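Single-structure report; data block below.
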Number of protein chains: 2
Amino acid sequence: MAQYERVEKVRLLVVDDDPPIADLVATVARYEGWEAVTANSGEQALRLAGDFRPDIVVLDLMLPDVDGFGVLDRLRRSGTMVPVVFLTARDGVADRVAGLTRGGDDYLVKPFAVEELMARLRTVLRRSAGPGFQRSVLRVADLTMDEDAREVRRGERRLSLTPTEYEVLRYLMRKSPTVLTKAQILDHVWEYGFGGRSNVVELVVSRLRRKLDEAAPDAGDGEPLIQTVRGFGYALRQAPR
Amino acid sequence: MAQYERVEKVRLLVVDDDPPIADLVATVARYEGWEAVTANSGEQALRLAGDFRPDIVVLDLMLPDVDGFGVLDRLRRSGTMVPVVFLTARDGVADRVAGLTRGGDDYLVKPFAVEELMARLRTVLRRSAGPGFQRSVLRVADLTMDEDAREVRRGERRLSLTPTEYEVLRYLMRKSPTVLTKAQILDHVWEYGFGGRSNVVELVVSRLRRKLDEAAPDAGDGEPLIQTVRGFGYALRQAPR
DNA sequence: AGTCGACCGACAGGAAAACGACAGGCCCGC
DNA sequence: GCGGGCCTGTCGTTTTCCTGTCGGTCGACT
């Protein structure tokens, strides 16, 4: 199933002074089968890093005591090479650049979408796993998504997707053949705090379908790849005959 | 049998200002072997959450004193990660509920069907039981229902069921080989307050049978999977020879 | 053979989903 | 700084298909 086979569960440390955010990330990670702990301050983070020995760290730059960079510095100085993904506020453009140059492995601006965060964490983990890491390619029926190249193909044909379409498709592919409710899709693919309870999901699915169909090998109408489960949600899977 | 093996009984706290509703839920839960207590206000709920230490909470959003989100906040702030399933009015605050399925909680609009509520509670419990949770698959004869993928198969063939058909079948499978009266099925699968004392159940069973038969491995007529117990109800089981 | 319950075809009302058209916003190039 | 194009989401209409009612027929039990 997962490409990044690990014998042990991934251990994630989430550092954010806003407990709801930290918990959100931890919860989602646990659903993926990871172990996750949270810290709400730099001090706590450093202590936990020593005890818990995480495989990866999510680190907010805005902390009450030591700031994110400080935490990173002290982590490095204590000799750990654990990869770090930063979280920064929307307009901290300066922070972004700094974040990358200061030894972080990736960053994401708040508010973020949880699936995107998880995807980045997986990527960073994969890369840091050592040389010759495997590419991550999702595959469902004749659909393939190369997460590294950010390339989606149906059979041989390559499709060009917008960012939102890409994210929705990735989520569907990753969970396939599970049926996902519109609420789940909205909650995972859109930024937390997104107000719209409208029909955005339907719309994106509709657009996705068109692109997928255009690239279908049998120009006629094979069964649609994205199925509607009326009154419930959507699933990506071979249709039942 | 059950996938969510627990040594101790599940402890459920039901919070709803409408006592009949709260009792309905509590009763059904107790019937499933859970321990259940009810609260009719936010204050009472918070007190009980401390004393009773529930494993899961059903929480109406419309409460006389604190509102549902307030209760959730205070629960979380007191450090408990207990999962919550919300109840909301049909067109009331349905939009403010966004963000729940991401944190692992869930919601249901009133009026709901008790089996659906129980199913969601079981799902949320299973997921919060820790990393690497098991999928829930019901199995009766050559019928399998994967509750996570929402996929039903007869042998190899996958059937596509409407929401109502799916719910009735799930109830039958879960209780198999017990004989269920039409009234029981109506009471559990349809929303409480449903007026129809009509023959809906017969009708859905009839439709279900057809779909089940079409997917039967022996194209001829093996005994039907859903048996009629004349004058009483239905049961899902291998026919006695 | 009669009676009563069950089965199921046909239909209609309505709810959910699909999707066309449009508008605001963002980014990019000039 | 300005214009243009693309992406995204809102609105409203159309389409799909799910659900329950009615009633005729069938089958079982007496």
Side-chain angles (χ1 to χ4, degrees), chain A residues 90-91 93 96 109 111 113 116 150 159-169 172 179-187 189-191 193-214 221 223-235 239-240, chain B residues 90-91 94-95 98 109 111-113 116 150 159-169 179-183 185-186 189-191 193-214 221 223-235 239:
Chain A
R90 168 72 67 197
D91 39 297
V93 182
R96 304 188 190 185
V109 300
E116 173 148 25
R150 209 183 171 82
L159 347 170
S160 90
L161 303 180
T162 69
T164 315
E165 289 162 0
Y166 181 86
E167 290 295 329
V168 170
L169 184 60
L172 284 169
V179 181
L180 301 164
T181 66
K182 280 183 266 188
Q184 281 177 312
I185 298 174
L186 200 60
D187 285 347
V189 173
W190 270 260
E191 304 168 349
F194 176 71
R197 30 84 220 121
S198 57
N199 59 351
V200 254
V201 179
E202 284 174 22
L203 193 48
V204 173
V205 167
S206 157
R207 286 169 178 159
L208 253 179
R209 272 187 182 142
R210 184 172 326 160
K211 290 188 179 177
L212 290 177
D213 284 351
E214 276 169 10
D221 46 4
E223 59 268 6
L225 264 183
I226 302 181
Q227 285 170 47
T228 301
V229 180
R230 207 156 231 271
F232 200 84
Y234 298 98
Chain B
R90 168 76 59 196
D91 35 52
D95 44 337
V109 299
F112 53 87
E116 173 146 26
R150 204 157 220 267
L159 346 170
S160 95
L161 303 179
T162 69
T164 316
E165 289 161 1
Y166 181 88
E167 291 295 328
V168 169
L169 183 60
V179 181
L180 301 165
T181 66
K182 281 185 260 188
I185 298 175
L186 202 57
V189 173
W190 269 260
E191 304 168 349
F194 176 70
R197 62 266 157 272
S198 58
N199 60 349
V200 257
V201 179
E202 286 174 20
L203 190 50
V204 173
V205 168
S206 154
R207 286 170 179 160
L208 253 179
R209 273 186 180 142
R210 183 176 327 163
K211 289 188 179 177
L212 257 35
D213 284 351
E214 275 169 11
D221 47 4
E223 60 272 5
L225 265 183
I226 302 181
Q227 286 168 43
T228 301
V229 180
R230 205 181 164 75
F232 197 79
Y234 299 98

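None of these values were measured; they are calculated from a predicted model. Letters go in sequence order (proteins before strands), and every chain restarts at 1. Just the heavy atoms: all of them, side chains too, but no hydrogens, waters or symmetry mates, feed the values below.
Remark: the backbone N or O of A:N199 is not paired with any side-chain donor or acceptor of A:K182 at under 3.5 angstrom.
When the nucleotides D:dG20, D:dG9, D:dC7 are ranked by their closest atom to the side chain of A:P163, D:dC7 comes out on top. Set against C:dC19, C:dC8, D:dC7, the side chain of B:R210 has C:dC8 as its closest nucleotide.
For C:dA16, the base has a donor-acceptor partner in the side chain of A:R230 [N/O atoms by modelled type, under 3.5 angstrom]. For B:N199 against D:dG23, a side-chain N or O and a base N or O form a donor-acceptor pair under 3.5 Å.
Between A:G231 and B:G233, the residue whose closest nucleotide on DNA chain C is further toward the 5' end is B:G233.
By the 4.5 Å heavy-atom criterion applied to side chains, B:K211 and B:L169 are not counted as neighbours. Side-chain atoms of A:E202 and A:Y234, non-hydrogen and from C-beta on, do get closer than 4.5 Å to each other.
Regarding B:R207, its CZ atom lies at a distance of 10 Å from the P atom of C:dG9, rounded to whole Å. Rounded to whole Å, the distance from OH on A:Y234 to P on D:dT16 is 15 Å. Between the CZ atom of A:F232 and the P atom of D:dC18 there is a distance of 15 Å, given to the nearest Å. Atom-to-atom, CG of A:D213 to P of C:dC19 comes out at 9 Å; the value is rounded to the nearest Å. Separating the CG atom of A:L161 from the P atom of D:dT8 is a distance of 10 Å, rounded to the nearest angstrom. Going from atom CZ of A:F194 over to atom C1' of D:dC7 covers 13 Å, rounded to whole Å. If you measure from atom CD of A:E202 to atom P of D:dC11, you get 14 Å, rounded to the nearest angstrom. Atoms NZ (A:K182) and P (C:dA15) sit 15 Å apart, rounded to a whole Å.
Residue contacts shown for A:R209 are limited to sugar-phosphate atoms, with no base heavy atom under 4.0 Å away. Across all strands, A:Y166 comes closer than 4.0 Å to no nucleic acid atom at all (heavy-atom distances).
One finds the CG atom of A:D187 at 11.5 Å from the CG atom of A:L180 (value rounded to the nearest 0.5 Å).
No salt bridge links A:E165 with A:R207; every basic N to acidic carboxylate O contact stays at or beyond 4.0 Å.
Applying the 4.0 Å criterion to OP1 and OP2 of D:dT19, one finds that B:W190 has every side-chain N and O outside that range. Note on A:T162: a side-chain N or O is less than 4.0 Å away from OP1 or OP2 of D:dT8. Of the side-chain N and O atoms in A:T164, one or more sit less than 4.0 angstrom from OP1 or OP2 of D:dT8. Taking only side-chain nitrogens and oxygens, A:T228 comes nearer than 4.0 Å to OP1 or OP2 of C:dA18.
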